[in-house]
Amino acid sequence: MTATESLIAKAEAHSAHNYHPLPVVVSSADGAWMTDVEGRRYLDLLAGYSALNFGHGNRRLIEAAKAQLERVTLTSRAFHHDRFAAFCTELAELCGMEMVLPMNTGAEAVESAVKTARKWGYRVKGVPAEMAKIVVASGNFHGRTTTIISFSTDPEARADFGPYTPGFEIVPYGDLTAMRAAMTENTVAVLLEPIQGESGVIVPPAGYLPAVRELTRERNVLFVADEIQSGLGRTGRTFACEHEGVVPDMYVLGKALGGGIVPVSAVVSSAEVLGVFRPGEHGSTFGGNPLACAVALEVIAMLRSGEYQARAAELGEHLHRELAALTGTGRVTQVRGRGLWAGVDIHPRFGTGREVSEKLMDRGVLVKDTHGSTIRIAPPLVIAKEDLDWGLAQLRGVLGVQGSV
Ligand SMILES: Cc1ncc(COP(=O)(O)O)c(C=O)c1O
């Protein structure tokens with residue numbers, strides 16, 4: 001038995017089977033590259049679902065984390081600590097907003113956004129008690145808690161987890177007419193991913209997000225943008241909403257905010273909206289801890305330079321040009337995405353997404369399949385162009401395309 005086989009066998013024997021990972025056991029990583037326990041190197045084209053936008057072992061982030069580790073790591077929110085004010089101020093500023101509610105994981109931030117919207121609905125909008133409704137989109141992925149899967153349309157995510165949390169209306173993604181029809185005077189929020197990641201990197205029709213913005217403003221409804229996966233540089237802008245000139249009422253952030261080091265998430269909004277909370281009404285032991293704030297502050301500083309967004313835009317254009325050429329070969333039926341982020345539908349004749357991912361792994365490239373025939377490509381934004389080209393050459397190899405197309 002190899003080290004890989006033995007470690008996988010142990011993991012399978014002693015962990016819940018809620019994931020189906022590729023059979024690779026990583027032991028170290030640097031930039032866009034990971035090394036497994038056998039010493040084989042792999043190009044990471046997933047980047048922890050965008051949690052690793054700045055790459056593995058990013059020196060600036062590691063140094064910030066190390067310095068904070070030596071000072072103070074956790075106080076709980078029972079006391080103030082000296083990184084908290086800067087974190088909230090600077091994150092709010094990056095978002096063009098006023099207040100921050102810090103949490104840890106993405107799902108917690110979405111839960112917090114749901115609670116914020118409901119409380120705002122009752123306290124500010126004047127919705128009658130227990131009547132608040134939130135409109136969401138089909139194909140959404142906002143996390144795995146009981147409330148969040150209550151408004152999922154993915155049977156795997158929902159089955160056998162009921163009873164479900166009420167108060168959500170699901171409308172087709174990209175369909176403004178359906179959204180308008182679903183709204184009542186008790187609607188407090190629309191919760192959307194500006195690009196649906198898990199669903200296969202689905203970009204809504206042009207004009208949809210601005211129309212949602214207009215409709216929500218008209219109806220005094222909060223527009224909540226879940227930018228946990230799409231935000232913080234991935235699409236070539238700080239936020240995916242920016243591509244359509246849209247500023248939501250609330251950003252929900254996570255993943256890359258923790259620099260791939262610690263889980264950091266946040267709800268960011270106006271003082272009117274986040275000002276609804278009183279002490280004791282919401283919280284988290286680890287939310288906004290000193291280590292999280294120190295890492296996130298460095299992430300914010302890096303994003304402020306605009307350098308990562310520019311890189312994602314430039315390399316993203318290259319990536320999409322190369323992938324578009326593949327659709328001409330018939331091996332790929334559709335490519336979607338923005339910036340350094342792509343959903344690639346493989347023609348079923350050339351294998352399922354899982355089969356293609358396994359073949360890519362054999363060639364030293366790691367990606368993740370989704371929904372049968374789709375693979376997702378989302379490399380760290382720091383990937384070298386030559387490495388990206390090498391990864392794309394491996395994809396062409398797996399699909400049997402000779403040379404560059
Ligand atoms: C858009 C979106 N929202 C929420 C989440 C949940 O984040 P977490 O896994 O950190 O709970 C994800 C995770 O993939 C996501 O892509």
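Note that ligands are numbered from 1 as they come in the structure, with each ligand's atoms numbered from 1 the same way. Note that the structure is predicted; figures quoted are calculated from it, not measured.
For Tyr49, the heavy-atom gap to ligand 1 stays at 4.0 angstrom or more.
Using a cutoff of 4.0 Å between basic side-chain nitrogens and carboxylate oxygens, Asp154 and Arg158 are not scored as salt-bridged.
Those atoms of ligand 1 with a heavy atom of Ala107 less than 4.0 angstrom away are 6 (C), 7 (O), 8 (P), 11 (O). Counting atoms of ligand 1 from 1 in the listed order, those under 4.0 Å from a heavy atom of Asp226 are 1 (C), 2 (C), 3 (N), 4 (C).
Evaluated by nearest non-hydrogen atom to atom 10 (O) of ligand 1, the leading choice among Gly231, Gly106, Ala51, Gly258 is Gly106.
Nearest to atom 16 (O) of ligand 1 among the protein's heavy atoms is Gln229 NE2, 2.7 Å.
Shown here is Arg144, whose CZ atom has no more than 12 heavy atoms of other residues, nucleotides or ligands within 6.0 Å.
Although no hydrogens or angles enter the test, the distance criterion places a donor-acceptor pair under 3.5 Å between the side chain of Asn289 and the main chain of Phe286. Looking at Glu322, its side chain never comes within 3.5 Å of a backbone N or O of Leu319 through a donor-acceptor pair.
Contacts of Lys255 with ligand 1, taken as heavy-atom pairs under 4.0 Å, involve the side chain alone.
Side-chain atoms of Ser284 and Asn104 form a donor-acceptor pair, as typed in the model, at a separation below 3.5 Å.
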